[in-house]
Amino acid sequence: MQKTEGKTLRYDFKEIERRWQETWEKNGLYRAVEKPDGEKFYMLVMFAYPSGDIHMGHFRNYIVGDAVARYNMMLGKDILHPFGWDAFGLPAERAAIQRKLHPQDWTYNNIKVSRETLQKVGVSFDWSREVISCSPDYYKWTQWMFIQLFRKGLAYRKSGLVNWCPEDKTVLANEQVVDGKCERCHTPVVKRELTQWYFKITEYADRLIDDLDTLPNWPDNVKTMQKEWIGRSHGAEIDFIIKDTGEKLPIFTTRPDTIYGVTFMAIAPESPLIDRLNLDGDYKKQVNEYRKKAQMRSEIDRVSATGEKDGVFTGKYAINPYNGDEIQLWVADYVLAGYGTGAVMAVPAHDSRDFLFAKKYDIPIKVVIHPDHVTALDLSTMDDAYTEYGVMVNSDQFNGLEGEEAIKEVTDFAERKGFGRHKINYKLRDWLISRQRYWGAPIPIIHCPKCGPVAVLESELPVLLPKTDNFEPKGRSPLADVPEFMRTKCPNCGGEAERDPDTMDTFVCSSWYFLRYIDPKNDCAPFDKKKVKAWMPIDLYVGGITHATGHLIYFRFFQKFLKDIGWVDDDEPATVLFNHGMVMDSKGEVMSKSKGNVVSPISLMEERGVDMSRLGMFFTAPTEREVLWSDEVIVGIEKFILNRFFPMAERFRDSKPDLKRYFNQSDFDDYEWNMYIKLNQTIKRVSEDITRLQFNTVIAALMELSRDFDSNKIKNDHLNDGLILKSIQMIAPLAPHLAEEMWLKCNQNGSVFTSHWPEYDPNAVQFDMVKIALQVNGRLRGEIEVSRDSSQEDVLAIARKHNRVKAHIEDKKIIKEIYIKNRLVNIVAK
RNA sequence: GCGAGAGUGGCGGAACUGGUAGACGCGCUGGAUUUAGGAUCCAGUCCCUCACGGGGUGGGGGUUCAAGUCCCCCCUUUCGCACCA
């Protein structure tokens, strides 16, 4: 509490915050309409994982969204600003195991605590639409989504090598493996051969890339990251032939123009093709040993061994279909099993990796590309491959062709001959969604010995997660050990059958939550199409950059799928994306529990008040930049609010000003007119800065305005009161409790948030007198004040007479005089 | 290694389409008030110089009357990707 001895005013934030939060709740200020009729604004922040504590990062995220929501509310739009919980997932389960609690109890308890904290922050969430992803009435529809995908053949089961985390004892999606380690617990990931459920996101790869171009208001870095993650590359698939077995060995290459330079072939150790080669004695032994060794090597080993390549010769040969050359067939672990066909044609002269490999094992190198028609490559002096485009040489009828054209010709040739084709490849893999864990949405599939995997009938949803205490991870799904869950009848033939024991990746739950907010209580459908049509797309989505290649791809994928099956209208879920910066401690380190440097917004808010904390966070840095948090940033804000801004309410004269009225210069004296201009300039600046989410300069502008404002010098009551009321309106999105309190103190009816955002008077945003910089040869020599829009002649005449200017142009010849209206004069003299 | 962003006072950071660099705040210095501390108010605060003036937005070049802003090279740093053939 602030001491304000001698002053009648006291800013009792605890009382004020409590009172306004109650009032807002009572009046349902943030209750969204079912269907907007006028202009709408769907403000979305990423829903939260209920870990039990709300940290500074959350706080920052939500107050940014809140400010935008409140601003748009004041612009008269219908607002949808919901919140919910990403409540399934591994950490809940682990925490629950450690604390000997059930994940459900742990999760719901955390939600309760976190919700109460958030409610204290005064964020304008419509809590009546809260969504909890682990609640059966939500995951019922997550399962429904699965079934729709399954019906379209976009959810399927396949066996393959998958990422397995030995610590968490579950499979992981590619996105959850970072540097060969489990994203969550940092345990090195191993590969296992398992049959798992996948979503065919690759089917949408092109649209996921191409539609990024329809999103001008997404940050470029996110779009670039997504493009690279999806990794589309154009090239050719060429069928080589295994010499002995005659088997076709298709390979993918982006450089078919180097086809005559192929001197060996490399196959990934995991490739099943190797088993079909009928290797002879010693070779067989060596290859098998190598394959075993490769499999033992962890992912990190293989990744960190950059540069160093090894492999083993199979003793077999393949035939290049272009020239019939016999080339050696190697097994090498620098070839990725999962990309292309798991085998590559190696062109040492024109690929750095192949070059290293060929040097190491003394494999021939053959130059088939020259940089241009006059420059030739000399193999004896090459210490790396030449990988640029160039002119084809030593390539029979293709000699002389260049770059793109060469690639096209070579591929067309293969197509005509039937041993190759144009081909597009992606780095993106199908999305592995099965998890061998308890705390997730059960996969709504029944395995029937006769009918195979059959979807649960929609009328039977949800497939309830059985309440069991037996959820400790042991390498297979805990649900498999719950017989009453597993045992069921086939929906098709009625015979004995078993449920799928796996649960879904939580990213599935978070891929459609934004649609459920629009109709959160719907029992009959995931949502009402008409309501969704009215509210979508999301007008602003605010979150951290960490989800660039995970969630933000998945939710776009879901949107597109739902569009394809007629449930939504838009191709893209969110038109504007904004990534706020991270919040670090004062030393620039990431806040984490293990480091013990976590600053909780709760204690801060209790000590300084919610609005001071909000303003402090807003003021310290622009939204997209990272913040090194220290409580000191509050100091300046506190002085500003307590000593200057809040006391403005005391200067209110209750003159019932018309806030829509514009004034003329003749209504005022000089000080008043200048204040009027300053006010309108501030309105303009603040409106623009809020639109681009730059809140630090919003506060700076308000500081300037209230610094210049001296009520004693203002005789016009309407100006005095209008300036105060508009200032309150302008700070309202950032400091809602404060604004409401001042609004009330100024005898205004209703909430400041139902008042109309001020509009600036376009005839009063420039001062009548402007300062003109005087330069000689680009150097500043003085400054004069003239009336706005003065003519070049007049200004130059004054400028030439200016003492310091004169001193610098005397004895010199004036070559050029430049006048930028209302800004500067530059006299060029020699 | 590849790609993208960033580099401005002691600190956080301003600066719209090239046009007075350092808004706003912290900190610091001096003054007023106060028994004192705190708080508040006023003034000052990029660097060198008594001043005139000069230098200055990571470094070096360039374009321009004019560059933090545009172009080229380099350094540092953050983030992403990392054998994707």
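We use all heavy atoms of the structure for the numbers below, so side chains are in, but hydrogens, waters and symmetry mates are not. Chain identifiers are assigned alphabetically (A, B, ...) following the order of the sequence lines, protein sequences preceding nucleic acid strands; residue numbering begins at 1 within each chain.
- Closest to the side chain of A:Thr254, from the set B:G54, B:A85, B:C81, is B:A85.
- Taking 4.0 Å as the cut-off between side-chain N and carboxylate O, A:Lys684 and A:Glu688 count as a salt-bridged pair.
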**Request:** Determine, step by step, whether A:Gln176 and A:Cys182 satisfy the side-chain contact (heavy atoms from CB on, under 4.5 Å) criterion, reporting the C-alpha distance in whole Å, the side-chain angles of both residues, the deciding distance to 0.1 Å, and the verdict.
**Result:** CA-CA 6 Å; A:Gln176 290 164 327; A:Cys182 171; over 6 Å; no
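- Heavy atoms of A:His350 sit nowhere under 4.0 angstrom from any nucleic acid atom.
- Here A:Arg823 does not reach the OP1 or OP2 of B:A66: none of its side-chain N or O atoms lies under 4.0 Å away.
- For B:A15, the OP1/OP2 oxygens have a side-chain nitrogen or oxygen of A:Gln694 closer than 4.0 Å.
- In the set B:U20, B:G13, B:A85, B:U20 carries the atom at the smallest distance from any side-chain atom of A:Glu783.
- B:G59 has its base anti relative to the sugar, with a glycosidic angle deviating from 0 by more than 90°.
- Of the candidates B:G19, B:A85, B:G53, B:A85 carries the atom nearest the A:Tyr334 side chain, counting heavy atoms from C-beta on.
- Figure legend. B:G22 is base-paired to no nucleotide; pairs are counted as Watson-Crick or G-U wobble with both atom distances under 3.5 Å.
- Remark: A:Arg781 is in phosphate contact with B:G54, judged by side-chain N or O atoms under 4.0 Å from OP1 or OP2.
- For the pair A:Lys309 and A:Phe357, the NZ or CZ position fails the cation-pi test of under 6.0 Å to the six-membered ring centre and within 45 degrees of the ring normal.
- Spacing between B:U8 and B:U78 at atom P, rounded to whole Å, works out to 14 Å.
- The CE atom of A:Met225 sits 12 Å away from the C1' atom of B:G5 (whole-angstrom rounding).
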**Message:** I'd like to know whether A:Tyr554 forms a ring pair (Phe, Tyr, Trp, His ring centres under 6.0 Å) with A:Trp431, so could you lay out the CA-CA distance, the side-chain angles of the two residues, the decisive distance to 0.1 Å, and finally the verdict.
**Reply:** CA-CA 9 Å; A:Tyr554 297 142; A:Trp431 174 13; 3.6 Å; yes
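- Atom pair A:Leu356:CG and B:A85:P shows a separation of 17 Å (rounding to whole Å applied).
- A 3.5 Å limit on both hydrogen-bonding distances identifies no Watson-Crick or G-U partner for B:G38.
- Going from the P atom of B:G19 to that of B:C71 covers 15 Å, rounded to whole Å.
- Within the shown strands, nothing qualifies as a pairing partner of B:A51 under the Watson-Crick or G-U definition with both distances less than 3.5 Å.
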What donor-acceptor contacts under 3.5 angstrom involve side-chain atoms of residues 772-779 of chain A, with partners at least two apart or in another chain?
from: A:Asn777; atom 1: OD1; to: A:Ala829; atom 2: N; distance (Å): 2.9
from: A:Asn777; atom 1: ND2; to: A:Ala829; atom 2: O; distance (Å): 3.1

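- Judged by distance alone, the side chains of A:Asp310 and A:Tyr334 never bring a donor and an acceptor atom under 3.5 Å apart.
- B:A43 is paired with B:U29 under the Watson-Crick or G-U wobble criterion, all donor-acceptor distances under 3.5 Å.
- Here, B:C28 and B:A6 have their P atoms 33 Å apart, quoted to the whole Å.
- The phosphate of B:A85 has neither OP1 nor OP2 within less than 4.0 Å of any side-chain N or O from A:Arg255.
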Could you go through residues 625-633 of chain A and list every donor-acceptor pair under 3.5 Å that involves a side-chain atom there, pairing it with any protein atom two or more places apart or in another chain?
from: A:Trp629; atom 1: NE1; to: A:Asp631; atom 2: OD1; distance (Å): 3.0
from: A:Ser630; atom 1: OG; to: A:Glu632; atom 2: N; distance (Å): 3.1

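- Salt-bridge check for A:Asp354 with A:Lys359: failed, with every basic side-chain N at 4.0 Å or more from each acidic carboxylate O.
- Put simply, A:Ser352 has no side-chain N or O that comes within less than 4.0 Å of OP1 or OP2 on B:C83.
- No contact: A:Arg232 has no heavy atom under 4.0 Å from any strand.
- Look at the P atom in both B:G5 and B:C70: the space between them is 11 Å, to the nearest Å.
- Ring geometry, A:Phe264 versus A:Trp330: the interplanar angle exceeds 60°, so the pair is classed perpendicular (tilted spans 30 to 60°).
- Of the candidate nucleotides B:A82, B:G53, B:A85, B:A82 has the atom lying nearest to any side-chain atom of A:Trp229.
- The interatomic distance linking A:Asp333 (CG) with B:A85 (P) rounds to 18 Å, in whole Å.
- At a threshold of 4.5 Å between non-hydrogen side-chain atoms, the residues A:Ile369 and A:Glu388 do not count as touching.
- Straight-line distance between the C1' atoms of B:U35 and B:A51: roughly 44 Å, to the nearest whole Å.
- Summarising the base pairing, B:A6 is matched to B:U76 through a Watson-Crick or G-U wobble pair whose two defining distances lie under 3.5 Å.
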**Complete:** Heavy-atom contacts, protein to nucleotides 22-33 of chain B, under 4.0 Å, summarised as B (base), S (sugar-phosphate only) or - (none) per nt, yield -BBSS-------
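- For A:Lys309 against B:C83, a side-chain N or O and a base N or O form a donor-acceptor pair under 3.5 Å.
- In this structure, A:Lys427 places its NZ atom 11 Å from C1' of B:C83, rounding to the nearest Å.
- Nucleotide B:G1 forms a pair with B:C81, judged by Watson-Crick or G-U wobble geometry with both contacts under 3.5 Å.
- B:A23 and B:A15 are spaced 12 Å apart, taking the P atom of each and rounding to whole Å.
- Spacing between atom CD1 of A:Ile545 and atom C1' of B:C81 amounts to 13 Å, rounded to whole angstrom units.
- Going from the C1' atom of B:C75 to that of B:C24 covers 32 Å, rounded to whole Å.
- Distance from the side chain of A:Val828 is smallest for B:C65 among the nucleotides B:A85, B:A4, B:C65.
- Residue A:Glu228 contributes atom CD, which lies 8 Å from atom C1' of B:C2 at whole-angstrom precision.
- As the counterpart of B:C16, no nucleotide is assigned, since no Watson-Crick or G-U wobble pattern has both distances under 3.5 Å.
- In this entry the distance linking CG of A:Asn643 with C1' of B:U40 reads 7 Å, nearest Å.
- Distance noted for atom P between B:C52 and B:U20: 22 Å (whole Å).
- Regarding A:Ile784, its CD1 atom lies at a distance of 15 Å from the P atom of B:U20, rounded to whole Å.
- When heavy atoms are screened at a 4.0 angstrom cut-off, A:Ser233 is found touching the sugar-phosphate backbone but no base atom.
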